[in-house]
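Working notes, beginning with the structure itself.
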Amino acid sequence: MSKLPYSFYQNTDVNDLAVQLLGKLLFTRVNGELTGGMIVETEAYNGVDDKASHAYGGRFTDRTKVMYEEGGLSYVYLCYGIHHLFNVVTASKGTPHAVLIRGIEPFEGIDVMLRRRNMVSLKPNITAGPGALSKALGIDKCLNAKDLLGDEVWIEDNGLVFNEDQIVASARVGVDYAEDHALLPWRYYVKGNKFVSKPNK
DNA sequence: GTGCGGATGAACT
DNA sequence: GTTCATCCGCACT
């Protein structure tokens with residue numbers, strides 16, 4: 001297995017990239033503890049033209065500035081004051097594309113994830129949903145703006161590729177505020193996988 | 001400096 | 001289906 005190269009993240013078609021991330025392995029090493037899982041659900045956020053994106057209209061703030069960096073960095077932010085959401089920054093410098101990781105299937109360090117989630121047995125909700133998987137992987141603001149080829153958070157290619165008929169595209173979750181962009185089918189998930197988040201149609 | 005509300009999840013009724 | 005935990009980013013004064 002090998003880490004995805006920078007060239008992977010440079011893709012300017014953020015939807016294509018969101019699909020390609022399905023089946024890849026997301027790892028973190030926090031306090032020396034290795035955890036990881038296979039990405040089974042993503043959402044594409046198409047930068048300045050996307051009303052659901054934090055960078056819509058070119059908004060550039062302390063929080064959103066990392067999205068304007070070169071693809072291959074992390075973008076982690078706090079949502080509802082409680083949940084840290086993990087995104088992959090993509091495209092080239094100046095183009096604030098990002099892909100939200102919404103679900104992973106546990107692969108490595110399951111005991112550590114159970115402890116972090118206060119769970120005794122493995123159930124889908126350990127990593128189904130963006131807030132849940134961040135907690136299981138130990139992701140918080142400290143992992144914002146990290147190099148995805150570093151040794152704190154990274155993504156590996158295990159060679160697995162899904163067929164088109166194994167992938168479902170649907171509307172993104174929790175973006176009602178995005179008006180006419182709320183219904184765009186930019187959420188992608190692996191059909192039938194138990195670690196896809198709740199609104200699973 | 002102030003006020004509003006969110007790319008959610010879990011525990012309720 | 002409804003409620004609420006719990007913070008800070010962001011727009012505006």
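Values below: every heavy atom of this structure, side chains too, minus hydrogens, waters and symmetry copies. Because the structure is predicted, anything quoted here is derived from the model rather than measured. Below, chain A is the first sequence line, B the second, and so on; all start at residue 1.
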If I take atom OH in residue A:Y77 and atom P in nucleotide C:dC10, what distance separates them, rounded to the nearest angstrom? 11 Å
Does A:Y177 make a side-chain N or O approach to OP1 or OP2 of B:dA7 shorter than 4.0 Å? yes
A:K198 NZ to C:dG1 P, straight-line distance once rounded to whole Å: 11 Å
Please determine if A:R172 and A:E43 form a salt bridge, counting it only when a charged side-chain N lies under 4.0 Å from a carboxylate O. no
Distance criterion of 3.5 Å, no angle test: do you see the side chain of A:H54 paired donor-to-acceptor with the base of B:dA7? yes
Among B:dA7, B:dT8, B:dA10, which nucleotide has an atom closest to any side-chain atom of A:V173? B:dT8
Which base sits across from C:dG1 as a Watson-Crick or G-U pair, both distances under 3.5 Å? B:dC12
Minimum-distance nucleotide to A:I82 side chain [options: B:dG9, C:dA5, B:dT8]: C:dA5
Mind calculating the distance between CD1 (A:I139) and C1' (B:dT8) to the nearest angstrom? 15 Å
Both distances under 3.5 Å, Watson-Crick or G-U wobble: report the partner of B:dA7, or none. none
Consider ring pair (Phe, Tyr, Trp, His ring centres under 6.0 Å). Of A:F8, A:F27, A:Y9, A:Y6, which one does A:W154 pass it with? A:F27
Rounded to the nearest angstrom, tell me the gap between atom NE2 in A:H84 and atom C1' in C:dC8. 11 Å
Are A:D151 and A:R29 within salt-bridge range, i.e. N to O under 4.0 Å? no
Look at A:E164 together with A:K191 and state whether they make a salt bridge at an N to O cut-off of under 4.0 Å. no
In whole Å, what is the span from the OH atom of A:Y56 to the C1' atom of B:dG6? 18 Å
Give one of base, sugar-phosphate or nothing for A:G131, where a contact means two heavy atoms less than 4.0 Å apart. sugar-phosphate
Check for me whether the distance between the ring centres of A:Y77 and A:H54 falls short of 6.0 Å. yes
Please state whether the phosphate of C:dG9, meaning OP1 or OP2, lies under 4.0 angstrom from any side-chain nitrogen or oxygen of A:R59. no
Of the nucleotides B:dA10, C:dC8, B:dA7, which one has an atom closest to the side chain of A:L78? C:dC8
Hey, which sits more toward the 5' end of DNA chain C by its nearest nucleotide, A:K141 or A:Y80? A:Y80
Between P of B:dG5 and NE2 of A:H83, the distance in whole Å: 19 Å
C:dC7, B:dA7, C:dC10: which one has an atom nearest the side-chain heavy atoms of A:M67? B:dA7
Select base, sugar-phosphate, or nothing to describe what A:A132 touches, counting heavy atoms under 4.0 Å on all strands. sugar-phosphate
Report the distance from atom CG of A:L133 to atom C1' of B:dG9, rounded to the nearest whole Å. 12 Å
Distance check: side-chain N/O of A:R117 vs OP1/OP2 of B:dA10, anything under 4.0 Å? yes
For the pair made of CG in A:D140 and C1' in C:dC8, what is the distance, rounded to whole Å? 15 Å
Base, sugar-phosphate alone, or nothing: which one does A:R172 contact when heavy atoms must sit under 4.0 Å apart? nothing
Considering just the side-chain nitrogens and oxygens of A:R63, establish if one lies under 4.0 Å of OP1 or OP2 belonging to C:dC10. yes
Between B:dG5 and C:dT3 - C1' atom distance, rounded Å: 16 Å
OP1 or OP2 of C:dC10 less than 4.0 angstrom from a side-chain nitrogen or oxygen of A:T61, does that happen here? yes
Check whether any side-chain N or O of A:D13 sits under 3.5 Å from a backbone N or O of A:D16 as a donor-acceptor pair, and report yes or no. yes
Counting only side-chain nitrogens and oxygens, does A:R187 get under 4.0 Å of the OP1 or OP2 atom of B:dA7? no
